[in-house]
Asker: 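Submitted below is the structure of interest, expressed as structure tokens.
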Amino acid sequence: MPDPPDLIHDLASLAGANVGRDMHAFMAELYPICRSISGAGLRETLNAIGERIPLEISEVPTGTEVFDWTIPREWNVREAWVRGPDGEKVVDFCDSNLHVVSYSTPVHRKLSLEDLQEHLFSLPEHPEWIPYRTSYYREFWGFCLAHRQREALAAGTYEVFIDSTLEDGSLSYAECVLPGRSDEEILVSCHTCHPSTCNDNLSGVALVTFLASLLRELPLRYTYRFLFNPGGIGSIAWLSRNEERLERIRHGLVAVCVGDPGSLTYKRSRRENADVDRAALHVLERSGADHQVIDFSPYGYDERNFSSPAFDLPVGSLSRSTHTRYAEYHTSADDLDFVRPEFLADSLEKYLSIIEVLEQNRRYLSLSPKGEPQLGKRGLYAPMGGLQDRFASEVAMLWILNYADGHHDLLDVARKSRLEMADLHSAAVALCEHGLLEELG
Amino acid sequence: MPDPPDLIHDLASLAGANVGRDMHAFMAELYPICRSISGAGLRETLNAIGERIPLEISEVPTGTEVFDWTIPREWNVREAWVRGPDGEKVVDFCDSNLHVVSYSTPVHRKLSLEDLQEHLFSLPEHPEWIPYRTSYYREFWGFCLAHRQREALAAGTYEVFIDSTLEDGSLSYAECVLPGRSDEEILVSCHTCHPSTCNDNLSGVALVTFLASLLRELPLRYTYRFLFNPGGIGSIAWLSRNEERLERIRHGLVAVCVGDPGSLTYKRSRRENADVDRAALHVLERSGADHQVIDFSPYGYDERNFSSPAFDLPVGSLSRSTHTRYAEYHTSADDLDFVRPEFLADSLEKYLSIIEVLEQNRRYLSLSPKGEPQLGKRGLYAPMGGLQDRFASEVAMLWILNYADGHHDLLDVARKSRLEMADLHSAAVALCEHGLLEELG
Amino acid sequence: MPDPPDLIHDLASLAGANVGRDMHAFMAELYPICRSISGAGLRETLNAIGERIPLEISEVPTGTEVFDWTIPREWNVREAWVRGPDGEKVVDFCDSNLHVVSYSTPVHRKLSLEDLQEHLFSLPEHPEWIPYRTSYYREFWGFCLAHRQREALAAGTYEVFIDSTLEDGSLSYAECVLPGRSDEEILVSCHTCHPSTCNDNLSGVALVTFLASLLRELPLRYTYRFLFNPGGIGSIAWLSRNEERLERIRHGLVAVCVGDPGSLTYKRSRRENADVDRAALHVLERSGADHQVIDFSPYGYDERNFSSPAFDLPVGSLSRSTHTRYAEYHTSADDLDFVRPEFLADSLEKYLSIIEVLEQNRRYLSLSPKGEPQLGKRGLYAPMGGLQDRFASEVAMLWILNYADGHHDLLDVARKSRLEMADLHSAAVALCEHGLLEELG
């Protein structure tokens, strides 16, 4: 029976062919839904995920104090439009859910174009794109529209209508937990609050969903916790409700912006050189693919909360283009064409590879630490001496045995030896079977 | 009321226009005085400084043991000349106080040119310059002169006359202390013993005098101790009389050679990465100016004593050309033309900037360390969400809050974030005012 | 009376002229002997070494358990050949002791060329060279031959004869110990088991023999242990019999492949920055010679056992070409022409230099740590002040005094100051004589 981690590797290969298209199709399914940090659209999204993986949904009531924050009222919107002086709808929520500033208060009134302008948002530098704007924590209403469209607005009286509600309700987040042999956890999270924008972050939602779906087939070492939460307040709510279990989290990844054509970008955890950082760098360096590694910064996505000083969780983030590096960010141009199946599949494969490395990475103690053990009498060594080149498996065994001192893990050995983790893992398994090595707890 | 450190920054700008000329004028006033490691010229110099800043002058009597050294007899010289075979004065102390080897014993005798040569010093490679020589710890008399002049000396009998005294007296040093809120000290020292040489070190004397004069206007965090001492023995005497207070010294700078046209050179403290080193590097790197950073070495100026192994004080040195890098060093060519107002002003501005950074650099503890605090409800955050670029002040607050863990100071945050210290300081002050941050002691 | 370490330096120079030729001549004497990891050839070799330096030979009986290994039966071979279909000898042990696979079991039989092929070894890529093969731990017989010769073998019946014995006996190793003032030891080892191959490792045998011979003339600080052992099992046997004395080993070097034309290669100890590593790097960097430094790896030569995790001895290895970098490795082309006197002499000089650095490297405590001590009153400092350039000996004294804090050794000071170890050592001796410095234990 093969060892779980190799199965992960196989999954990565097997998944490759169609998984990108499947992920993209799932995003297309979720794309039209109007999500925000609370409300019906968020719940509909979680339910759709729940059809693919086992999901436990939590509701945190409005008014609940979560650390320094308070869960806001729940926002829902049914209809929203602006009618021009001639009575024609010039902006309509039906066309794009980006048209309404998220958390807009209800409004129905007439006003001059001049007064309306203070409630309009557009992007002069990208006149065809609708921007995405929110006003979660200040009461406000507004519309977003293409700048070209805004410039065409004639003077006169406009009628604005937003049929929204801001009422006591709850904020929703969802978890999929895959129990492993150990109750030490790997956390993979994605923010699930954005409306019709794809790279940020339906791509992350699709990736985490497919990752969970693939891994649930496997006997795993770690317990996996996949978290789908509204960005910011959602991770804070989750942290506040799970404070006592945070110490179980050994490694974490925030999955965002994983479908665009940019090269891979790994953002280190606040700890700078946590195991997840070392694993991600190992995977990216060995992949041969263009990539960049950036240091932790306390903004970006939910790593800002996971890495707040009281928690300082070892959570990194693997993205393609990061939020500051692509013009389409937070606009209607971040659509289903901007993300592509091959990039989604490539990102998924890298996540699987990082997880494989984390599953394989162990610390060992040599049970024969005095001099090199005699591998030959155990059939682990070529009988003929004098050859210039040793077999890779022999070399892997020598490296592992020499560094099986409790102070080095397999990633250390991989770095020193330049060998592959998979080869080192196989060698370690063989050495354990022959009683030469003991895994440390 | 603005925070003291910003005042420092303002002073640096305000001082800029005329301060260089004023510093140069002060040097011109001190230039003719014949200084040595003791004696009337040194006292006259300290008195001139004392007219500009409050100064306490200490006298250490001849014969006092100061660690491994003994305070030497006090040297004074009134007249000194060499008359040629024709009775004309060929060398005269009236023309330059470099003509007499410092600490020359009294002499009046006739001798042949050949015998005289053993008491003459000149620089064949710079035939127009008079070298500067001393003989503090061996009884000797001698004259320094231009090599061109020496080569023109005709054979015959010469008359030499040095009307000097070497008598019991005392060695003088002076301190200007500006008390701050804390009794932790910043030490800024300069050697004050050289006769008519300007870059080494009337430039340092002027810089420290003006620095003290500017800072005394301000409410300061640290207590500042400005030390004017004869080089070597003077710093040893000061150390031996202040041993019990050395632990108060948190940061220190030795001000030397700050008026020449060379680029700025920072010599690290023996500790290699003390706060003063980090502050100086921050200032130099952010200044955009050419500069170099060199490691500590146990020679140079008084840092050799401040950094002796029993004390190992965190004392660096910011110079322009260092003593080994300019030909004019210890010659008559190190004169009032060699140093220039604009370089003096630039050096002063850098000293002020380093001090500003040290004043601003603090360690904080977040009082809301679980998740990111909600800045918006405190009016510290832009209400509209979705923007790609955050305001600098928001970014600064996020950085500070995340690293307000007691292990990082603002200089650490400046390095990680690449933000300006002044912006970080302002953000920290705002966060303290809103109860989100506590300064650590 | 000069200090021992300077004598070492003198020896290095004096030895230079003829020592390379003498080393080569010694190798030529040992070249024809058929060595293996046990047996008469190994003993004959040890006896030849014992004629040059005092040697204690140990015999470890067959069957003795040495850690994870068991001492094998002793192998000896008297005659071995292959006769072709025409009765002519086509391979004869008399021509080269590489022709017989080491530890071949006795055999005398006739067999077809086809069956014979399974017992033949050759190198298609180097058709003129005889490979060197062993089968220590699997019962086997075989012949090695030039590939050109092998291809010329006609079909037919062959007669093979190996008059060897595999009988209870013992494995031999030898030690030369030179007692020093301290019982802390420097270990220099070489594997002594290879038959007629020169760079690997008659060169190492010659180097260690000559090193011991030169050093035995000197009063030394360290006790030196020169170890001549069969590779692998020999070092394991030695370790198992000397486990209690291993903690005395302060520094170690494995001498291998020191006679070829390649540039010098230093392989770091497993500790990565042990004193022997720092000393070797100091010597190589200051030598100006091309060289490379490689990290520890748990294969190569006996460092794999010295550095096994239970021992982790600070043992490096200075070679020229390493075993993986020259085509002649483990073939008949690694002969007396491949190694040259000038490279042997150069390697010996580097070993002596490293040992000199280790002998000179000390940790000191300043007895006058408050301020710089007054060197002048002790005659250690130029009396005339004001010079731009200090004398090297003065600079060396200042560096040593400043870092005589118990935390830095002379190698640290050499690195910081870029001064020569010999100059620092002389300065330290002078400072000790004047009561300014105390050597730490």
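Quick note on labels: first sequence line is chain A, next is B, and so on, each numbered from 1.
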Asker: A quick test of your reading: do over 12 heavy atoms of other residues, nucleotides or ligands sit less than 6.0 Å from CD of B:Gln117?
Answerer: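 More than 12 heavy atoms, drawn from other residues, nucleotides or ligands, come within 6.0 Å of this atom.
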Asker: Is it the case that more than 12 heavy atoms not belonging to B:Glu247 sit under 6.0 Å from its CD atom?
Answerer: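 Incorrect, the count does not exceed 12.
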Asker: Within the supplied structure, the quantity of interest is the number of heavy atoms (other residues, nucleotides, ligands) at a distance under 6.0 Å from C:Asp183 CG; does it exceed 12?
Answerer: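 Enclosed: over 12 neighbouring heavy atoms sit under 6.0 Å from CG of C:Asp183.
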Asker: Chain B heavy atoms under 4.5 Å from C:Arg418: which part of the residue, side chain, backbone, both or neither?
Answerer: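 Contact with chain B involves no heavy atom of C:Arg418 at all.
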Asker: Please name the pair of heavy atoms, one in C:Gly371 and one in B:Phe311, separated by the smallest distance, quoted to 0.1 Å.
Answerer: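 Shortest heavy-atom contact: N-CE1, 3.6 Å.
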Asker: Starting from the C-alpha separation in whole Å, work towards a yes-or-no answer on side-chain contact (heavy atoms from CB on, under 4.5 Å) for B:Asp295 and C:Lys416.
Answerer: CA-CA 8 Å; B:Asp295 286 333; C:Lys416 286 175 182 288; over 6 Å; no
Asker: Roughly how far, to the nearest 0.5 Å, is the OH atom of B:Tyr137 from the OH atom of C:Tyr381?
Answerer: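 One gets 11.0 Å once the value is rounded to the nearest 0.5 Å.
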Asker: How far apart are the closest heavy atoms of C:Gln374 and B:Asp68, and which atoms are they?
Answerer: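 Nearest heavy atoms, C:Gln374 then B:Asp68: N-OD2, 2.6 Å.
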Asker: Run the ring pair (Phe, Tyr, Trp, His ring centres under 6.0 Å) test against B:Tyr103 and tell me which residues pass, sequence neighbours left out.
Answerer: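 With sequence neighbours excluded, B:Tyr103 shows a ring pair (Phe, Tyr, Trp, His ring centres under 6.0 Å) to B:Trp75, B:Tyr136, given in chain and number order.
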Asker: Report yes or no: does B:Trp69 contribute a side-chain atom to a donor-acceptor pair with the main-chain N or O of C:Glu372 at less than 3.5 Å?
Answerer: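 Side chain of B:Trp69 to backbone of C:Glu372: a pair is present.
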Asker: Contact part of B:Phe296 toward chain C, heavy-atom cut-off under 4.5 Å: side chain, backbone, both or neither?
Answerer: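 Contact with chain C is through both the backbone and side chain of B:Phe296.
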Asker: Within the 3.5 Å criterion, strictly below it, is a donor on C:Asn402 or B:Arg270 matched to an acceptor on the partner's side chain?
Answerer: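 Note: C:Asn402 and B:Arg270 side chains meet the donor-acceptor criterion.
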Asker: Is chain B contacted by the side chain of C:Leu365, its backbone, both, or neither, given a heavy-atom distance below 4.5 Å?
Answerer: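 C:Leu365 has no heavy atom closer than 4.5 Å to chain B.
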Asker: For a 4.5 angstrom cut-off between non-hydrogen side-chain atoms, does B:Phe67 reach C:Pro373?
Answerer: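 No, their side chains stay 4.5 Å or more apart.
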Asker: Any chance you could measure C:Lys370, atom NZ, to B:Leu239, atom CG, to the nearest 0.5 Å?
Answerer: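 Reported to 0.5 Å precision, the distance equals 10.5 Å.
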Asker: Please look at B:Glu272 and chain C and tell me whether the side chain, the backbone, both or neither of the residue comes under 4.5 angstrom of a heavy atom of that chain.
Answerer: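 Contact with chain C is through the side chain of B:Glu272 alone.
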Asker: Looking at B:Glu125, I want to see if its CD is surrounded by more than 12 non-hydrogen atoms of other residues, nucleotides or ligands under 6.0 Å.
Answerer: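 Correct, the count exceeds 12.
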